[in-house]
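The shown structure was predicted, so the numbers you read here are calculated from the model rather than taken from an experiment. Lettering follows sequence order; numbering is per chain, from 1.
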2 protein chains.
Amino acid sequence: MLANEVKEKLIAIVTKANFEDSKTERLVYSYDATPNFQSMPDAVVSPRNKAEVAEILKICNQHQVPIVPRGSGTNLCAGTCPTEGGIVLLFKQMNRILEIDEENLTVTVQPGVITLDMIHAVEARGLFYPPDPSSMKISTIGGNINENSGGLRGLKYGVTRDYVIALEVVMPNGDVIRTGGKLAKDVAGYDLTRLFVGSEGTLGVITEATLKLIPMPETKKTMLALYQDLNAAAKSVSAIIANKIIPATLEFLDQPTLKVVEEFAQIGLPTDVQAVLLIEQDGASEVVERDLTSMAEICKQEQAVSIQIAASEVEAEALRTARRAALSAIARLKPTTILEDATVPRSEIAKMVQAINEIAEKYQLEICTFGHAGDGNLHPTCATDARNHEEMERVEQAFAEIFEKAIDLGGTITGEHGVGAMKAPYLEWKLKAEGIAAMKAIKLAFDPHNIMNPGKVFAKDSKKRVVITR
Amino acid sequence: MLANEVKEKLIAIVTKANFEDSKTERLVYSYDATPNFQSMPDAVVSPRNKAEVAEILKICNQHQVPIVPRGSGTNLCAGTCPTEGGIVLLFKQMNRILEIDEENLTVTVQPGVITLDMIHAVEARGLFYPPDPSSMKISTIGGNINENSGGLRGLKYGVTRDYVIALEVVMPNGDVIRTGGKLAKDVAGYDLTRLFVGSEGTLGVITEATLKLIPMPETKKTMLALYQDLNAAAKSVSAIIANKIIPATLEFLDQPTLKVVEEFAQIGLPTDVQAVLLIEQDGASEVVERDLTSMAEICKQEQAVSIQIAASEVEAEALRTARRAALSAIARLKPTTILEDATVPRSEIAKMVQAINEIAEKYQLEICTFGHAGDGNLHPTCATDARNHEEMERVEQAFAEIFEKAIDLGGTITGEHGVGAMKAPYLEWKLKAEGIAAMKAIKLAFDPHNIMNPGKVFAKDSKKRVVITR
C-alpha cells in the first residue's frame with residue numbers, strides 16, 4: 001500500500017485521471033506475458049511528459065517506492081511483473097512519433113509508440129527499421145529498448161541496441177540526461193545509450209529515443225528448405241555463412257513446432273519432415289536472386305529433401321507470419337507455455353538442438369524448438385501446466401540443464417528476452433560472481449535506493465525460477 | 001616516483017626484463033600523438049598475460065598508483081599521456097591473434113595486435129573488419145577499442161563499437177570478467193562490452209577481445225566529385241542519402257587540405273577547386289555500378305564541376321591513401337598540428353564547415369577541414385606553433401567556438417578521437433552536469449581509488465586544453 005502522502009503527491013503530479021489504484025486496475029498490471037509470475041502493484045500511474053516522470057521518480061526515491069516502467073508487457077522474463085509492489089509506470093500518454101528525419105535517417109519517438117506503428121510510419125517514407133520482435137504488433141518501442149529486443153533479422157541487421165542512437169532518460173534521482181545524438185559517431189564519454197538499452201528498467205526511465213534507420217531494401221525473397229535430419233539443417237546454416245552469404249532471415253523450426261504451427265495457421269507447412277529452414281534474403285534484386293540460388297544449392301548439398309521458393313510476397317508473408325505465430329500456436333496446447341531463448345554460437349546449433357531433445361526425453365517433457373538459427377538464438381518451448389507441480393518441477397530442472405548446456409557451448413541464458421525476475425537466478429552461471437559484481441556496482445551507483453524495477457536482473461537468493469508471488 | 005616496495009613487487013610479477021624506469025624509457029612514453037601534452041610516467045611495465053595484469057592492478061589499487069594502458073599512442077586526445085604519473089602498461093607481449101573463426105565470423109585477439117595486421121589476416125580468409133582508423137598501420141586493436149575508433153567506413157559499417165562482441169577485462173580490483181560471447185544476441189545483464197568500448201582505459205584493462213567480422217564485399221569502386229562551392233558538396237552528401245544510397249565512404253576535403261595533401265602525395269589531386277568528395281561504394285558488382293552511376297548524377301545535379309571515376313584499384317588506393325595522409329601532410333606545414341573531430345548530424349555539415357571558416361578568419365588562423373562527410377564527422381585541423389603563445393591562445397579560443405557550434409547544431413565535441421585529457425574540459429558542454437554525474441558514478445563504482453588512467457574523460461577544474469601538466 002502506498003502511504004497516503006505519496007498517493008496525494010502522485011495525484012498532484014499526474015491528476016486523478018492518470019492515477020489508478022482500484023483492485024481491478026492493479027490486477028490488470030499484476031502480470032505480464034510470462035507464465036507463473038503475478039504480484040500486485042500498489043498503483044498504476046500514467047505520466048504525460050518527462051517533467052512528470054522526473055517528479056514521480058523524485059517522490060518514489062524519497063519514499064523508496066518501487067517503480068516498474070511497462071510498455072505492453074509482452075516480455076517473457078517477468079521483466080514487468082511488479083514483484084516487489086510499488087508503482088507500474090505506463091506510457092500510454094507518451095506515445096507519439098515526434099519526428100522522422102529523412103536527411104539524417106532517424107526517427108524520434110516517445111516510449112509508448114507501438115513498434116509496428118512506427119515501422120509502418122517509416123516504411124511509408126521508404127525507410128527501414130530492421131528489429132522485428134515477434135510481439136511487434138503490440139509491443140512498444142520503450143519496451144523493446146529496455147529489453148534490447150531481437151527478432152528474425154538479427155543475423156544480418158542486428159538487434160534494437162544497434163539502432164538506438166540517442167536517449168532521454170530520467171535518472172532515479174530525478175535528473176534528466178540526454179545521451180548520444182543524431183550522430184553516426186560520438187565518443188564523448190561512456191556509452192550510456194547502450195548501457196540503458198537492455199537494462200530492463202532497472203537504471204532509469206526512458207522518456208524519448210532516437211533510432212537509426214536505413215534505406216528500405218529494394219526487394220526480398222523467401223524460401224523453405226526441408227530436412228529429414230536435424231543435423232543437416234544445422235549444417236546448412238553453417239555452410240551458408242561459410243559461403244559468405246548473410247541472409248536477412250534464417251529461421252529453424254523442428255517437427256513438433258511445424259505440426260503445431262500448421263494446425264494453427266493452416267498454410268500448408270510440411271509436417272512430415274524433421275526440420276525446416278525459413279530463409280530470406282533482401283537487397284538489390286540481382287543479389288537476392290543470386291544468393292537465393294546459391295543458398296538453395298547449398299541446402300541441397302547438405303541433404304535438404306526439398307526446396308520451396310515462395311511464389312509471391314503473399315505466400316512469403318504467410319510463412320513469416322506462421323513462424324511468428326509459433327509461440328501462440330504452442331500456447332494453445334496446454335495451459336502453460338514456457339518459452340526460453342538459450343543462445344549459442346552459430347557453430348553449436350546442432351549440438352544444442354540435440355541436447356534439448358535429450359533433456360526433453362530425460363524429463364519426459366514435450367519441448368518444441370524453433371528460433372533464429374542464423375544467430376544461434378533458439379526458442380525451446382515447453383507446453384505444460386503450472387497446476388501440475390510435479391511436472392513443473394521437471395520443467396524447472398530441464399530448463400536449468402538447457403541453460404547450463406548453452407553456457408557450456410559458449411552461449412548465454414538469454415539471447416533476446418532479457419533476464420527479468422525469471423532468469424535472475426541463472427545470471428551468475430553466465431557472468432560469474434565477478435561479472436555480477438560489476439553490474440551491481442552500476443545499479444547501486446545509479447539507483448542507491450533500488451527503486452527502479454527491483455528484483456529484476458539480480459537474483460535474491462533462490463534458484464527457483466517459476467514460482468514467485470506476493 | 002614509485003615506492004621501492006611497489007617497484008619490487010612489480011618486478012617480481014613481470015620480471016626485470018619487462019619493467020623499465022630509466023629516464024630514456026620513461027621519456028619515450030611521456031607523450032602520445034597529441035601535441036602539447038607531456039608528462040613523465042614513473043615506470044613502463046609490459047605484462048605477459050592477464051594473470052600478470054591482474055596482479056599489477058591489485059598492487060596499484062592497494063598503493064593507489066595510476067595506470068595508463070597504452071597501445072601505440074596514436075590517439076589525438078592525450079588519452080595515453082600519463083598526466084598524473086604512475087605506470088604505463090604496454091601490450092607488446094600480448095599481441096597475438098588467438099583465433100579466426102570462419103564459422104562464427106569472429107576473430108579473437110590480444111590487445112597488442114596491430115590493427116592492419118589483423119585486417120590482413122582476416123582478409124586472407126575472405127573476411128572483412130570494417131573499422132579503418134587512419135592510424136591503422138600502427139595503432140593496436142586494444143587502443144582502437146579503448147578509443148572506439150572510427151574511420152572512413154563509419155557511415156555504412158559503423159565504428160569499432162559495432163564489432164566488439166566479447167571482452168576479457170581486468171577490473172581495477174584485480175577481478176577478471178568476461179563480457180558477451182561469439183553471439184549475435186546476448187541480453188544477459190547490462191551491456192558491459194559496449195561500456196568498456198570507448199572508456200579510454202578509465203574503467204579497467206582489456207586483455208582479450210572477440211570481434212565480429214562480415215564477408216568481404218565482392219567489389220569496390222571509387223570516384224571523386226569536384227566542387228567550386230562548399231555548399232554544393234554538402235548538398236550532394238544529403239542528396240545521396242536522401243536517394244537511399246549509403247556509400248561505403250563519403251569523404252570531404254576542402255581546398256586548403258587538397259593543396260597540402262597534393263604537395264605531400266603528388267598523385268594529381270585537383271587543387272583548383274573549393275572542395276572534393278571522395279566517394280566509394282562496395283558490394284555486389286551490379287549494385288556498385290548502379291550506385292556509382294546514381295551518385296555521379298546526383299553530384300552533377302548538385303553542381304559538381306567534374307566527376308572522376310578511379311580507373312583501377314591502384315588509382316583508388318592512391319586516393320584513399322592520400323585522404324588518410326591528410327594529417328601527416330598538414331603536420332609538415334608547421335611545428336604543431338591541432339586536429340579536431342567535431343561532429344554534427346549529416347544535415348548540418350554545410351553550416352558547420354561555414355562556421356569553421358568564419359571562426360578561422362575571426363582568429364586569423366589557417367584551418368584545413370576534411371573528414372567523414374557521410375557521418376558528419378569533420379576534422380578541422382590547424383597548423384600552428386606551440387611556442388607562439390599568443391597564437392596558441394587564439395587556437396584555443398577558435399576550437400572552443402568550434403565545439404560550441406557543433407553542440408549548437410546537435411553534434412558532439414568528439415566523433416571518434418575520444419575525450420582524453422584534451423577535451424575533458426569541454427565534455428560538460430555536451431553532457432551537462434547531470435550526464436557527467438551519471439558517468440562519474442560508474443567510474444567511481446568501478447574504480448574507487450581512481451587508478452585507471454586518472455585525469456582522462458573527466459575534467460578537473462581548468463577550461464584550458466592545450467597546457468602541459470606536471
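- For a residue to count as touching a neighbouring chain, one of its non-hydrogen atoms must lie under 4.5 Å from one of that chain's; by this rule A:F196 does not touch chain B.
- Ranked by non-hydrogen atom pairs under 4.5 Å with chain A, the options B:M171, B:E416, B:E102 are led by B:E416.
- Ion pairing between a basic and an acidic side chain is recognised when a charged N comes within 4.0 Å of a carboxylate O; A:K185 and B:D375 show such pairing.
- Across every non-hydrogen atom of A:E103 and B:R346, the tightest pair is O-NH1, 2.9 Å.
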TODO: Give the intermediate values and the outcome of side-chain contact (heavy atoms from CB on, under 4.5 Å) for residues B:R161 and A:R194.
DONE: CA-CA 10 Å; B:R161 180 188 58 226; A:R194 274 109 199 148; 3.3 Å; yes

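- With a 4.5 Å cut-off on side-chain heavy atoms, A:D191 and B:D191 do not count as touching.
- Here the closest heavy-atom approach between residue B:A284 and residue A:V287 is recorded as CB-CG2, 3.3 Å.
- Contact between B:A445 and A:A445 at its shortest, heavy atoms only, is CB-CB, 4.0 Å.
- Closest approach of A:A188 to B:I413, counting heavy atoms only: CB-CG1, 4.2 Å.
- Looking at A:V169, there are no atoms closer than 4.5 Å to chain B (heavy atoms on both sides), in backbone or side chain.
- When each of A:L203, A:T343, A:L127, A:T193 is scored by its heavy-atom pairs under 4.5 Å with chain B, the top score falls to A:L203.
- When heavy atoms are compared at a cutoff of 4.5 Å, A:V176 approaches chain B solely by way of its backbone atoms N, CA, C and O.
- Residues A:M439 and B:L192 have side chains in contact (heavy-atom distance under 4.5 Å, counting atoms from C-beta outward).
- In this structure, B:I246 and A:I214 have side chains that are not in contact, with every pair of non-hydrogen atoms separated by 4.5 Å or more.
- For A:R290, the part lying near chain B is the side chain, with the backbone staying farther off; criterion is any non-hydrogen pair under 4.5 Å.
- When heavy atoms are compared at a cutoff of 4.5 Å, B:E348 does not approach chain A at all.
- Between chain B and the options A:D175, A:T414, A:I245, heavy-atom pairs under 4.5 Å are most frequent for A:T414.
- Contacts with chain A were tallied for B:G126, B:S347, B:G181, B:A441; B:S347 has the most, counting heavy-atom pairs under 4.5 Å.
- Heavy-atom pairs under 4.5 Å with chain B were tallied for A:A242, A:G189, A:G376; the largest tally goes to A:G189.
- When the shell of 6.0 Å around NZ of B:K235 is examined, it contains 12 or fewer heavy atoms from other residues, nucleotides or ligands.
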Task: Check against side-chain contact (heavy atoms from CB on, under 4.5 Å), B:K182 and A:V344 - done: CA-CA 8 Å; B:K182 286 182 183 174; A:V344 292; over 6 Å; no

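- Options A:G374, A:P215, A:A184, A:G415 differ in how many heavy-atom pairs under 4.5 Å they form with chain B, and the most are formed by A:G415.
- Between A:Y190 and B:K443 there is a side-chain heavy-atom pair separated by less than 4.5 Å.
- With chain A as partner, the option from B:C77, B:G151, B:G198, B:G158 having the largest number of non-hydrogen pairs under 4.5 angstrom is B:G151.
- At least one side-chain heavy atom of B:K430 sits less than 4.5 Å from a side-chain heavy atom of A:D186.
- The local environment of NZ in B:K351 is sparse, with at most 12 non-hydrogen atoms from other residues, nucleotides or ligands closer than 6.0 Å.
- Options A:L183, A:I177, A:V419, A:D101 differ in how many heavy-atom pairs under 4.5 Å they form with chain B, and the most are formed by A:L183.
- Both the backbone and the side chain of A:N148 come within less than 4.5 Å of a heavy atom of chain B.
- Side-chain contact between B:N104 and A:I241 is absent, with no heavy-atom pair separated by less than 4.5 Å.
- B:L105 touches chain A through backbone and side chain together, each having a heavy atom under 4.5 Å away.
- Counting heavy atoms from C-beta on, the side chains of A:V187 and B:V159 never come closer than 4.5 Å.
- In terms of heavy-atom pairs under 4.5 angstrom with chain A, the leader among B:H372, B:K456, B:M216 is B:H372.
- Rounding to the nearest 0.5 angstrom, the gap separating the CD atom in A:E286 from the OG atom in B:S285 is 8.5 Å.
- Taken from OG1 in A:T179 to CG in B:L431, the straight-line distance is 9.5 Å, to the nearest 0.5 Å.
- Among the candidates A:I436, A:D162, A:T412, the residue making the largest number of heavy-atom pairs closer than 4.5 Å to chain B is A:T412.
- Contact of the B:K432 side chain with the A:R178 side chain is not registered, since no non-hydrogen atoms from C-beta on lie closer than 4.5 Å.
- Looking at A:H417, only its backbone comes within 4.5 Å of chain B, counting heavy atoms on both sides.
- Counting heavy-atom pairs closer than 4.5 Å to chain A, the top residue among B:T202, B:T106, B:V237, B:N173 is B:T202.
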